[in-house]
Amino acid sequence: MAEGRHYWLMKSEPNAFSIDDLARSPKQTTSWDGVRNYQARNFMRAMNIGDQVLFYHSNAQPPSVVGIAEVVKTAYPDATQFDKKDAHYDPASDPDEPRWDVVDIRFVRKFAAPLSLDQLREEASLKGMELLRKGSRLSVQPVKPTEWNAILRLARTHTD
DNA sequence: GCCAACGTTGGC
DNA sequence: GCCAACGTTGGC
């Protein structure tokens, strides 16, 4: 880890793919496909093996950080962009220069209890976190070490 | 279901 | 290059 370990947050709708789905996946690993936002893609391209990921459930009740995953394979082309039957098919993507990438992530652990957006907003040290910004829609985003530490501390103390 | 806050597309 | 129209995300 010459460049050090970096922290990220990735959003998924639990109806589509939850942290339990990740834990049940073969080798507890999945490729994070379907990202069709350049900023999110660029963050995935910046990921290194061993980087740690907060797994976030969006469109959940309540929306929450639910656990941790880690990057086990760096960015490579997303096969779904070339699959006409896939919801994320992108006819404009050139197979010789694929537009969209995935990374592979592996389940690390699930928190004893989900950490809701409201709980995160109560934490002073998380003020300014991208996730908490009004109108923030970025599905893959960097997390500062201080934010990572604060969230893990909250996950230890909130068990209800 | 509503709608604010985006990001993308395409006419000009 | 501008920007209106459109489609999507995601909290509420």
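Sequence lines set the chain letters: A, B, ... in the order given, protein chains first and strands last, and positions in each chain run from 1. These figures come from a predicted structure and were not determined experimentally.
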Note to self: Among B/dC6, C/dG10, C/dG11, which nucleotide has an atom closest to any side-chain atom of A/R133?
What the structure shows: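 When the side chain of A/R133 is considered, B/dC6 is the closest of B/dC6, C/dG10, C/dG11.
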
Next item on the list: Quickly work out the A/N59 CG to C/dG10 C1' distance and round it to whole Å.
Entry: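 Distance, rounded to whole Å: 5 Å.
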
Margin query: Just the rounded figure in Å: distance from P of C/dG10 to CG of A/L138.
Written below: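 Going from A/L138 (CG) to C/dG10 (P), I get 9 Å.
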
Notebook entry, point to check: Could you give the CD-to-P distance, from A/E13 to C/dT8, as a whole number of Å?
Noted result: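 In whole Å, C/dT8 P and A/E13 CD are 13 Å from each other.
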
Notebook entry, point to check: Quick one: is A/K134 getting a side-chain N or O under 4.0 Å of the C/dG11 phosphate, OP1 or OP2?
Noted result: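 A/K134 to C/dG11 OP1/OP2: no side-chain N or O under 4.0 Å.
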
Next item on the list: Could you tell me whether the side chain of A/K144 reaches within less than 4.5 Å of the side chain of A/M129, counting heavy atoms only?
Entry: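 They are not in contact (no side-chain heavy atoms under 4.5 Å apart), so the answer is no.
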
Checklist line | Value rounded to 0.5 Å, distance of CD in A/Q28 from CZ in A/R109 | finding: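 Here the interatomic distance stands at 13.5 Å.
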
Margin query: Using 30° and 60° as the class boundaries, would you call the ring planes of A/F55 and A/F17 parallel, tilted or perpendicular?
Written below: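 It falls in the tilted class, 30° to 60°.
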
Notebook entry, point to check: Are OP1 or OP2 of C/dC12 and a side-chain N or O of A/R121 less than 4.0 angstrom apart?
Noted result: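 Answer yes for this pair, as a side-chain N or O of A/R121 is under 4.0 Å from OP1 or OP2.
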
Notebook entry, point to check: Is the distance from OP1 or OP2 of C/dG11 to the nearest side-chain N or O of A/Y56 less than 4.0 Å?
Noted result: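 Yes, because at least one side-chain N or O of A/Y56 sits under 4.0 Å from OP1 or OP2 of C/dG11.
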
Next item on the list: Could you grab the distance from atom CG of A/D90 to atom CZ of A/R99, nearest 0.5 Å is fine?
Entry: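 Reported value, rounded in 0.5 Å steps: 5.0 Å.
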
Margin query: Let's see if you can work this out: which of B/dG7, C/dG10, C/dG11 has an atom nearest to the side-chain heavy atoms of A/P63?
Written below: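 Looking only at heavy atoms from C-beta outward on A/P63, the closest nucleotide is C/dG11.
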
Check: Of the nucleotides C/dG7, B/dA4, C/dG11, which one has an atom closest to the side chain of A/L117?
Finding: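 Minimum distance to the A/L117 side chain belongs to C/dG11.
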
Notebook entry, point to check: Of all the choices, C/dG11, B/dG7, B/dC6, which nucleotide is nearest to the side chain of A/N37 once you look at every atom?
Noted result: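 Of all the options, the side chain of A/N37 is nearest to B/dG7.
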
